[in-house]
Amino acid sequence: MIRKRLKEVLDRCFAAGVKEGIWPAEAADYTIEKPKHEGLGDFSTNLAMVAAGRVRKNPRELAGRLREMLNKECDLIDKIEIAGPGFVNFFLKNEVWQGVLPDICRRDKDYGPEAAGAGKKVLVEFVSANPTGPLSIGHGRQAVLGDAICRLLSAVGFEVSREYYYNDAGRQMRVLAGSLRARYLELSGVPCELPEDGYQGEYIYDIARDLLSEVGDSLRNSDDLAPFQKRAEQAIFKDINGTLERLGIKFDNYYNEHTLYDDGHIDDVVAKLRAQGLVYEKDGAVWFKTTNFGLEKDRVIIKSSGEPTYRLPDIAYHREKFRRGYDWLVDIFGADHIATVPDVMAGIKALGYDPDMVTVVLHQFVTLMRDGKQVKMSTRKATFVTVDELLDEVGVDVARFFFLMRKADSQLEFDLDLATRQSQENPVYYVQYAHARLTSIMKQAVENGVAAGELSEARLGLLVQPEELELLRTMAAYPGLVQKAAVDLAPHRLVFYLQELAAAFHSYYNKHRIISAEEVELSRARLWLAHGLRIVLYNGLTLIGVRAPEAM
RNA sequence: GCGCCAGUAGCUCAGCUGGAUAGAGCAACGGACUUCUAAUCCGUAGGCCGGGGGUUCGAAUCCCUCCUGGCGCACCA
């Protein structure tokens with residue numbers, strides 16, 4: 001907000017300067033940012049340096065001209081300094097910062113970004129785990145990441161649809177059904193080996209036990225895998241959905257790969273590609289000429305067995321997403337799925353759609369650390385830790401916060417020792433504690449008869465301590481930060497911001513008293529500051545799906 | 001061999017569109033509770049931003065190259 005106001009002033013001066021021939025119009029790509037170090041002002045611009053680079057003039061001289069022009073604009077700016085190689089630093093008036101508080105308090109839960117994406121429809125696909133077993137830690141990261149991204153996009157005005165894509169057919173599911181059948185037979189007294197590459201997890205036994213107690217041994221002589229497959233899928237989806245519910249995640253739609261076959265989309269995609277000469281037969285299989293799109297080699301889309309590979313439905317699925325009329329498609333995949341991305345993009349392009357409308361967020365893996373050592377996980381041996389087990393151990397708030405602490409590109413080391421610590425070093429509690437503390441102060445104030453009074457009568461000009469102004473500056477940056485985090489699909493920035501804001505508050509709290517019977521006016525102003533802080537913390541925590549407790 | 005991601009303090013990681021003196025948490029060390037919640041704070045220490053070249057007013061950030069780690073490179077998903 002404030003940056004925007006300053007930018008308008010600066011743009012006006014820049015335009016005037018262009019007219020006078022002081023700097024060229026091409027220098028318009030200058031930026032305005034917050035200096036890294038204290039004492040360099042509230043904002044800073046590189047305008048003079050960018051311009052000087054174009055016309056071979058001394059940047060400090062141009063900075064001087066800029067300052068002269070800006071000196072007439074005094075409603076925001078208190079002081080202007082020229083520093084370093086030619087930065088122009090702005091020191092804004094305290095009133096500017098104090099002025100953000102009424103805005104925050106009045107908007108309350110609505111305080112945040114403007115709806116820049118207004119009306120645009122975005123489809124976010126995430127989790128998309130096939131029903132072959134419980135959600136693992138990696139899925140957990142993806143689920144929370146995807147959910148946070150959705151929340152952010154909604155916050156900036158996008159119309160968000162959350163979709164879970166799954167496949168309940170094919171080899172994987174047959175193996176799953178075979179595994180269940182084996183366990184079922186074993187439990188009903190018929191010795192039976194797991195099929196090759198079978199699912200070894202304990203959860204298969206659980207499903208088998210339920211099945212046995214329900215239908216008895218009536219399936220003992222059945223060679224048909226269908227009832228086993230159906231049973232396994234139902235049970236596993238129930239489990240997955242239970243986990244997602246615990247995490248506070250809801251999907252708008254579950255898209256079954258099978259509908260792509262039923263509705264003829266698979267055949268149609270092949271026909272369309274074939275019509276363009278992008279498909280050929282070799283070794284009994286059907287190949288897609290991905291080399292036409294700059295890729296290294298062609299890929300099989302229909303196996304010699306007649307079964308499509310995952311690529312074909314993936315392409316058809318993405319085409320359906322386009323056809324359903326979204327403005328933006330976001331896919332969230334684990335790093336192990338990277339190989340599919342170029343193939344799908346090639347397919348989309350071949351079918352006449354714009355791959356630039358798809359953004360793929362690839363996230364790296366999660367390693368669990370316990371007692372300073374890595375917890376070894378293997379899906380095959382079923383030694384993985386499930387999201388459910390993690391939630392049992394650390395709770396939803398901690399799990400969500402930890403999953404969001406790293407950018408998607410980084411591998412995430414989940415430190416269970418740190419996560420389970422109920423106090424001190426745990427960053428989740430650190431932020432939550434700030435909110436609880438603020439709540440407690442507000443309550444305390446009422447009990448002591450030092451109520452904040454009317455906002456319109458509060459003397460916010462009394463908030464002149466460096467720590468207070470710093471808090472106000474940070475609070476003012478919140479909407480812009482959320483905005484940027486949303487369009488960049490980077491929720492970790494919000495997590496870092498919240499830690500920063502909490503730290504600034506804790507520090508302030510230890511240095512200054514908010515409630516004071518002697519200085520009533522100051523108390524009132526500070527209580528409004530506390531109120532505003534509480535709003536920003538609450539909104540930020542809510543946006544990442546972490547609770548903002550009133551007491552701890 | 002090829003592709004993607006990463007390499008920043010002892011450990012885990014931020015660092016947005018290239019900006020000024022490189023940031024946080026944890027761990028370590030030394031302090032602060034008769035006071036609004038000490039799940040807190042203050043202070044100290046800790047760095048060839050993997051190496052080497054380049055681009056420019058200016059590089060952790062961009063380009064090239066090499067090294068290390070992770071993940072891919074199926075007629076699995």
Side-chain angles (χ1 to χ4, degrees), chain A residues 29 31 33 35-37 40 44 46 49-50 52-53 56 58-59 83-87 89 128-130 132 167 170-172 175 197 257 282-287 295-297 299-305 307-311 313-314 334-342 362-365 367 369 372 405-413 415 417-418 421-430 432-434 436-445 447-448 450 481 484-485 488 490 492-493 495-496 499-500 502-503 505-511 513-516 523 526-527 530 551-552:
Chain A
D29 58 342
T31 59
E33 53 196 42
K36 237 186 271 179
H37 299 279
L40 298 176
S44 167
N46 61 354
M49 289 182 297
V50 174
R56 299 207 158 271
N58 182 353
F87 287 102
N89 295 335
S128 294
N130 290 337
T132 58
N167 171 18
R171 201 190 82 92
Q172 258 188 106
V175 173
D197 293 331
E257 184 183 313
K282 195 180 94 185
D283 304 332
V286 178
W287 297 69
L295 300 184
E296 209 166 329
K297 50 182 169 181
R299 301 290 184 177
V300 170
I301 51 173
I302 301 176
K303 302 185 235 173
S304 50
S305 65
E307 252 182 324
T309 65
Y310 63 90
R311 279 180 205 97
D314 272 5
D336 54 336
H337 279 57
I338 184 158
T340 82
V341 176
L362 279 175
H363 65 89
Q364 298 293 321
F365 287 178
T367 50
M369 299 293 285
M405 274 200 303
R406 304 290 173 241
K407 63 178 175 198
D409 279 342
S410 287
Q411 286 182 41
L412 190 153
E413 189 166 291
D415 185 345
D417 304 318
L418 181 62
R421 250 173 279 183
Q422 284 282 320
S423 63
Q424 310 240 11
E425 309 88 345
N426 196 321
V428 188
Y429 300 129
Y430 183 84
Q432 289 185 318
Y433 182 53
R437 206 174 214 184
L438 283 160
T439 311
S440 166
I441 290 169
M442 310 296 290
K443 206 161 45 178
Q444 192 77 220
E447 282 164 13
N448 291 9
V450 196
L481 180 118
K484 197 87 171 56
D488 290 347
H492 75 279
R493 287 199 209 133
V495 173
F496 277 87
Q499 293 185 85
E500 212 175 280
F505 165 64
H506 284 311
S507 179
Y508 172 65
Y509 172 90
N510 274 273
K511 193 162 174 186
R513 265 198 81 79
I514 291 169
I515 302 171
S516 156
S523 273
R526 287 182 171 174
L527 280 168
M552 287 174 77

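Here is the naming used below: chain letters follow the sequence lines, and residue numbers restart at 1 for every chain. Below, all heavy atoms of this structure are taken into account, side chains as well, without hydrogens, waters or symmetry copies.
Between the side chains of A:His363 and A:Arg406, not a single donor N or O lies within less than 3.5 Å of an accepting N or O.
If you check distances only, the side chain of A:Tyr310 does reach the base of B:A77 with a donor-acceptor pair under 3.5 Å. The base of B:A20 lies outside donor-acceptor range of the side chain of A:Asn46, with no N or O pair under 3.5 Å. No hydrogens or angles were tested; on distance alone, nothing pairs the side chain of A:Thr309 with the base of B:A74 as donor and acceptor under 3.5 Å.
Separation of the C1' atoms belonging to B:C26 and B:C48 is 25 Å when rounded to the nearest angstrom. B:C2 and B:G51 have their C1' atoms separated by 23 Å, given to the nearest Å. For the P atom pair drawn from B:G50 and B:A6, the interatomic distance equals 12 Å after rounding to whole Å. B:G19 and B:G52 have their C1' atoms separated by 24 Å, with the value rounded to a whole Å. Taking the P atoms as reference points, B:A14 lies 23 Å from B:A28, given to the whole Å. When the P atom is compared between B:C5 and B:C64, the two are found 12 Å apart, to the nearest whole Å.
Across the protein-nucleic acid pair, A:Arg437 atom CZ and B:U35 atom C1' stand 12 Å apart, rounded to whole Å. Distance A:Met49 CE to B:G19 C1': 6 Å, rounded to the nearest Å.
A:Asn130 comes within 4.0 angstrom of sugar-phosphate atoms only, judged by non-hydrogen atoms across all strands, and of no base. Nucleic acid contact class of A:Ser304 (heavy atoms, under 4.0 Å, all strands): base. At a threshold of 4.0 angstrom between heavy atoms, the contacts of A:His492 are confined to the sugar-phosphate backbone, with no base atom among them. When heavy atoms are screened at a 4.0 angstrom cut-off, A:Lys297 is found touching the sugar-phosphate backbone but no base atom. Among the heavy atoms of the strands lying under 4.0 Å from A:Lys36 are primed sugar atoms or P, OP1, OP2 only; no base atom is included. Counting any heavy atom pair closer than 4.0 Å across all strands shown, A:Ala530 reaches no nucleic acid atom. Residue contacts shown for A:Tyr509 include a base, since a base heavy atom lies under 4.0 Å away.
Side-chain atoms of A:Lys303 lie closest to B:C76 of the nucleotides B:C76, B:C2, B:A20. Comparing B:U40, B:C42, B:C75 against the side chain of A:Ser507 picks out B:C42 as the nearest. The side chain of A:Pro85 sits closest to B:G19 out of B:G19, B:U21, B:C73. Comparing B:A77, B:C36, B:G70 by their nearest atom to the side chain of A:Gln364 picks out B:G70. The side chain of A:Ile338 lies closest to B:C4, out of B:A6, B:C4, B:G19. For A:Phe496, taking side-chain heavy atoms from C-beta onward, the closest of the listed nucleotides B:A74, B:A14, B:U12 is B:A14.
Looking at A:Val175 and A:Arg171, their side chains come closer than 4.5 Å, going by heavy atoms from C-beta outward.
Remark: side-chain polar atoms of A:Asn426 are paired, donor with acceptor, to backbone N or O of A:Val428 under 3.5 angstrom.
If you find the closest nucleotide of RNA chain B to A:Gln444 and to A:Asp488, the one lying nearer the 5' end belongs to A:Asp488. Residues A:Arg299 and A:Ala445 each lie close to RNA chain B; by heavy-atom proximity, the contact nearer the 5' end of the strand is made by A:Ala445.
Across every strand in view, B:G43 sits in a pair with B:C29 that passes the Watson-Crick or G-U test at under 3.5 angstrom.
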